[in-house]
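Note that ligands are numbered from 1 as they come in the structure, with each ligand's atoms numbered from 1 the same way. Treat the numbers as computed from the prediction; the structure is a model and nothing was measured. Computation of the quantities below employed the complete heavy-atom set of this structure, encompassing side-chain atoms and omitting hydrogens, waters and symmetry-equivalent molecules.
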Amino acid sequence: MKPSSRAVHAGRDLKARSPLAPDLSTTAVHVYTDLDDYDAVAKGERPGHYYGRNSNSNREMLEKAVAELEGAEAGLATASGMAALHSAMLALAPRPATIVATRELYGGTMALLRHDFEPAGYEVHFVDLGDLDAVRGAIDGAGLVLAETITNPLCGVPDLEAIAAMARERGVPFLVDNTFASPILCRPLELGATAVMHSATKYIGGHSDLVAGVAVGGAGAIGAARARSVRTGTTLGPFDAWLALRGLRTLDVRMRRHSDNSLALARAMRAMAGVARAHHPLLEGSPSFAVATRLLPQGAGGMMAFDLEGGRSAVQRMMSRLRLVVFAASLGGVETTISYPEITSHRSLTPQERAELGVTPGTVRVSVGIEDADDIIDDFAQALSA
Ligand code: PLP
């Protein structure tokens, strides 16, 4: 099956009289009448569920579906994207090691590395993953390489295929945060990555109504991530799993529309009043254009950014004039939203660190929704006019 069909059907096993849409199983615990049966289920020798922190039918369906879409052996669904990332990182690099991470990491991931990994003895090297020589210089002896398919907020696309080849040659696990692209537009395991994680809060859920994460990869690594997630209690609740799976069913059509709209907006943005620069991986002239064209042939998803002349006050002025588009510090929903990295995703960085990444006081990130592209463009144009 093609990814579009897999998104619709993955993770389910329909038999005669099965409900077509999955039942929501809210129970915390299952009843058993046979000790051997319980023992076999608890050991994983027989299918079934016994306690909600360990497993649940809705969570299991979501895990199987995302694993299938990403082409992975196994999946783990967690209470948030950060929990998926944390479990996956510790599964791949269980003891203090050097982590080579993109310097353009999502701010929450940066905070996790600084406040949790570094104090535990990990050494983190932040590298421009767009510079393959820099990656080559940093990767020898590393315990983990961490990348994002599309960077936040300036939408760069590192050459995941080349980085994966370097990591594999040296036996270094390679973890990719594929949140911005979704498994419809990019499947990093096919490019050679070891494991993939998603904030399912974003495109997989797609409707701004849940918080969830998923990690996928080989059975061994995901088994270790699952064991830790169960021990630390970061597994996903049934209703959020149910919602995320419902969202996943329409992922393909949404990603196509998000991709078309974001490129249309980025192109139109370049001509709008006060816009110094527009950032989109498939925009002619983007530093990532060649890599993005190769790795994201079906589109680059809904994310774009722009730099407004006049800094924070100009951003505030535009925000108060927008009619359709709202400020909301998340992304990946059906509605177009803006975020201001200086006080949202990148607030844990110093002004100098933000400047080094190219995030200015005028940088606005846009999560372009699935409305009509003309309406989105018109709203920004009127908000920025005069
Ligand atoms: N990775 C990326 C790229 C994100 O944008 C986010 C959240 O914004 C996360 C991970 C964390 O996900 P969550 O908020 O679901 O924990």
Fill in the blank from the handout: Residues at least two apart in sequence or cross-chain that pass salt bridge (charged side-chain N to carboxylate O under 4.0 Å, His left out) with K2, listed by chain then number, are none

Handout entry: ring pair (Phe, Tyr, Trp, His ring centres under 6.0 Å) contacts in which one or both residues fall within residues 313-360, not counting sequence neighbours
Key = none

Completion exercise
At a 4.0 angstrom heavy-atom cut-off, ligand 1 is contacted by S80, G81, M82, Y106, D177, T179, F180, S199, T201, K202, A212, L331

Practice task
Mark yes when over 12 heavy atoms from residues, nucleotides or ligands other than R347 sit less than 6.0 Å from its CZ; otherwise mark no.
Solution key: no

Exercise for the section: Please collect all ring pair (Phe, Tyr, Trp, His ring centres under 6.0 Å) contacts where either partner lies in residues 241-262, sequence neighbours excluded, each pair once. Expected result: Y203-H258

Exercise for the section: Give a yes or no on whether R246 atom CZ has more than 12 heavy-atom contacts from other residues, nucleotides or ligands under 6.0 Å away. Expected result: no

Fill in the blank from the handout: Rounding to 0.5 Å, atoms OG1 (T201) and CG (L243) come to a distance of 11.5 Å

